[in-house]
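Side chains included, hydrogens not; waters and symmetry mates left out as well; all remaining heavy atoms used.
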Amino acid sequence: MKNAIEKTKVLLSNWCCDELKEAAQAWLNSIGTDKQKEAGERYVAELQDSIVTVEGMLAFLPTKEAKAKFGEDIANKFYEHAKELKAKGIVNCDCPACTSASAVLELKEEILR
């Protein structure tokens, strides 16, 4: 469990969505209590939902919503980056938040104990 706790703390130090931060913190707070299993299940589900795939990036970044959120120049740069990732066969976004979430998700068995 030590590895999952350490990687969760790294995740919390990166930018990630509020739902994932809340689930991560709730799991950390629940360790050693009767709520740990339930919090772990919620955390794993949120990790799975929060990791952005390259295909998801390619679908979202050309949209008006992405350009409104990031600005047109940044959305276009992210889109070009996503195309590079796909060409390399990379499946998930490589931003710090998604990378951290993926690292934690690799330890889901520790979280679900």
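Donor-acceptor pairing under 3.5 Å is recorded for the side chains of N14 and S100. Defined by atom type and a distance below 3.5 Å, a donor-acceptor pair is present between the side-chain atoms of Q25 and N29.
Nearest heavy atom pair, residue S30 against residue A39, reads OG-CB, 3.4 Å. What you find for T8 and A24 is that their closest heavy atoms are CG2-CB, 3.8 Å.
Inter-residue side-chain proximity for R42 and E19 is flagged as unmet; no heavy-atom pair is nearer than 4.5 Å. I5 has its side chain out of reach of E110: every pair of non-hydrogen atoms, C-beta onward, lies at least 4.5 Å apart. The closest side-chain heavy-atom distance from S102 to N92 is below 4.5 Å. Residues K83 and K86 form no side-chain contact, since every pair of their non-hydrogen atoms from C-beta on lies 4.5 Å or further apart. A heavy-atom distance below 4.5 Å is not found between the side chains of K69 and E65. Looking at heavy atoms from C-beta onward, W27 lies in side-chain contact with Q36 at the 4.5 angstrom threshold. Residues E46 and E22 form no side-chain contact, since every pair of their non-hydrogen atoms from C-beta on lies 4.5 Å or further apart.
Counting only distance, with no hydrogens or angles, the side chain of T63 and the backbone of A66 share a donor-acceptor pair below 3.5 Å. Between the side chain of T99 and the backbone N or O of P96 there is no donor-acceptor pair closer than 3.5 Å.
No continuous path of ILVMFWY side-chain contacts below 4.5 Å connects L107 to Y43, so the two sit in separate hydrophobic clusters. In terms of hydrophobic clustering, with Ile, Leu, Val, Met, Phe, Trp and Tyr side chains grouped at heavy-atom distances under 4.5 Å, F78 and F60 are assigned to a common cluster. Cluster membership check: I90 shares its hydrophobic cluster with L58, using side-chain heavy-atom separations under 4.5 Å among Ile, Leu, Val, Met, Phe, Trp and Tyr. A single hydrophobic cluster is seen to contain both I51 and L20, as judged by linkage of ILVMFWY side chains at heavy-atom distances under 4.5 Å, directly or through other members. Grouping the Ile, Leu, Val, Met, Phe, Trp and Tyr side chains by contacts below 4.5 angstrom, directly or via other members, places L112 with V104.
No salt bridge links E106 with K7; every basic N to acidic carboxylate O contact stays at or beyond 4.0 Å. The pair K35-E38 does not count as a salt bridge, with every side-chain nitrogen at least 4.0 angstrom from each carboxylate oxygen. Taking the charged nitrogens against the carboxylate oxygens, K37 and E41 do have a contact shorter than 4.0 Å, which makes a salt bridge.
Exactly one residue among T53, L85, V52 makes a side-chain contact (heavy atoms from CB on, under 4.5 Å) with C93. That residue is V52.
Counting non-hydrogen atoms of neighbouring residues, nucleotides and ligands closer than 6.0 angstrom, the NZ atom of K21 exceeds 12 such neighbours.
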| query | side-chain contact (heavy atoms from CB on, under 4.5 Å) between L61 and N76: does it pass, once the steps are laid out? | reply | CA-CA 7 Å; L61 290 168; N76 289 339; over 6 Å; no
| request: For side-chain contact (heavy atoms from CB on, under 4.5 Å), just list the numbers for D94 and H81, CA-CA rounded to whole Å, side-chain angles, deciding distance to a tenth of an Å, and then say yes or no. | output: CA-CA 10 Å; D94 64 347; H81 180 65; 2.8 Å; yes
| request: Please step through salt bridge (charged side-chain N to carboxylate O under 4.0 Å, His left out) for the pair E80 and K77, ending with a clear verdict. | output: CA-CA 5 Å; E80 291 303 314; K77 286 178 184 175; over 6 Å; no
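Rounding to the nearest 0.5 Å gives a distance of 14.0 Å between CG of L11 and CD of E6. Between L105 atom CG and S50 atom OG the span is 10.0 Å, to the nearest 0.5 Å.
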